[in-house]
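Here is the structure we will look at, set down as structure tokens.
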Amino acid sequence: MVDLKGQYQKLKNQIDETIKEVIDSTAFIKGPAVTRFQQHLADYLQVKHVIACGNGTDALQLALMALELKPGDEVITTSFTFIATAEVIALLRLTPVLVDVLPGTYNIDPEAIKKAITPRTRAIIPVHLFGQTADMQEIMDIAMQNDLFVIEDTAQALGADFTHPLTGKKQKAGTIGTIGCTSFFPSKNLGAYGDGGAVFTNDDLLAERLHMLANHGMKIRYHHDYVGINSRLDTLQAAILDVKLPHLDEYAAARQKAAAFYNQAFADCHKIKTPQKASFTTHVYHQYTLVLDESVNREPLMKFLAERGIASAIYYPVPLHLQKAYRNKRYSEGDFPVTENLCRSVVSLPIHTELTPEIQEVITGAVLEFIHKN
Ligand SMILES: *Cc1c(COP(=O)(O)O)cnc(C)c1O
């Protein structure tokens, strides 16, 4: 699905150099590269504070901890996402309240959020799924009217731009709500060579609390003001990410070009729905996800592709409300028809910075061959 080796080859000299520097310095924990990378990412995002941490899941957990929510408080999020989004809510003994998504963009449905609000609701976690932002105008309006926090899960949309439809103000995904969270998992838009994550905010007080929470709740060594966690970005990872950050937009452009190729190739095939982009956001195509017509059998298609050496994947096969660990009397099958239908019919094709038209020709040719034959 991605070509990390090809991407590395292009920056090999710089990356090898920076790794060597960190090893020579032996500043493996909280070295200068971490502060430098945080500053560079903050400049890129035009956000006041970036706090690096161990991974994207920790980033979400830290965000919820910093907002000092109480057990039983309700947090609204989407049922069509990676498990981490809801997992941290449940781990903190908060109540995940899941809602359906929009059929066009697969992002959280603002109308469904409105209906799910109760007196116990404290926060909304929109996920900017597959590389485009959720409807942040609607979501921020709902949050304002109901006095709710907004935590943006931008693990898949780092680098995407949201433009407010009324004011025209352009903001980076993850910098619009109260706190933004991202992941540097190797296959993400900005991938480390191991785990990594970060939290962003424009709020000085929250930033200080986030720094402390990620560091055992302390500001002064061995003086612990909060019950915190240990969640750090390795100096090595920060140094590598700092080399890759200036290429983030160019990586997005490469994926956008690949997505345009796929869109064109599938334009006349009525059994395939290509991704739809909302007007208020750019799409950085963390994933390129098709929705197949009922008449197309997904598993045989994936097998057909695999036999030709073509990767494909299902993001996500089971909605969160039907996961064993998250099933409860609140939900049953049929509650979120859009999400459930997507789980049955989506398939993602390889999308990354190293795709060539020749490779894409083979991929699209194979997909169309299967569809026409069956
Ligand atoms: C990858 C991902 C995460 C978690 O990131 P990790 O770094 O793997 O912990 C959270 N939310 C979404 C939507 C993701 O895609």
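Both counts, for ligands and for their atoms, begin at 1 and track the order of listing. Throughout, residue positions are numbered sequentially from 1 according to the sequence presented. Fair warning: this is a prediction, and the values are worked out from it, not measured in the lab.
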Please confirm whether the backbone N or O of Ile142 pairs with a side-chain atom of Asn146, one donor and one acceptor, at under 3.5 Å?
yes

Starting from atom 8 (O) of ligand 1, which protein heavy atom do you reach first, and at what distance in Å?
Phe185 CD1, 4.0 Å

May I ask you to list the atoms of ligand 1 that are less than 4.0 angstrom from any heavy atom of Asn55?
7 (O), 9 (O)

Between Arg308 and Phe304, is NZ or CZ placed under 6.0 angstrom from the six-membered ring centre and within 45° of the ring axis?
yes

Looking only at protein heavy atoms, which one is nearest to atom 9 (O) of ligand 1, and what is the separation?
Thr57 OG1, 2.5 Å

Minimum distance, heavy atoms only, to atom 7 (O) of ligand 1: which one of Ser183, Gly54, Ala86 is it?
Ser183

Could you list which atoms of ligand 1 come closer than 4.0 Å to a heavy atom of Val127?
13 (C)

OG1/Thr282 to NZ/Lys172 distance, rounded to the nearest 0.5 angstrom?
6.5 Å

Are His286 and ligand 1 in contact, using a heavy-atom cut-off of under 4.0 Å?
no

Contact region, Asp153 to ligand 1, non-hydrogen atoms below 4.0 Å, reads side chain

Anything under 30° is parallel, anything over 60° is perpendicular, the rest tilted; go ahead and classify Tyr285 against Tyr288.
tilted

Side-chain H-bond candidate by donor/acceptor type, Thr201 with Asp203, under 3.5 Å:
no

Hey, does Thr81 come in under 3.5 Å of ligand 1, counting only N/O atoms on both sides?
no

Report the member of Glu87, Lys188, Gln61 with the shortest heavy-atom distance to atom 14 (C) of ligand 1.
Lys188

The reported gap from CD in Gln7 to OG1 in Thr353 (rounded to nearest 0.5 angstrom) is 4.0 Å

Judging by distance only, is a nitrogen or oxygen of Gln156 under 3.5 angstrom from one on ligand 1?
yes

For Ala155, take its heavy atoms, then give the atoms of ligand 1 lying under 4.0 Å from any of them.
2 (C), 3 (C), 10 (C), 11 (N), 12 (C), 14 (C), 15 (O)

Candidates Gln323, Glu340, His321 - the one meeting side chain to side chain contact (heavy atoms under 4.5 Å, CB included) with Ser79
His321

Qualifying residue for side chain to side chain contact (heavy atoms under 4.5 Å, CB included) with Phe162, from His128, Gln137, Gln132, Lys170:
Gln137

Under 3.5 Å: N/O of Leu60 near N/O of ligand 1:
no

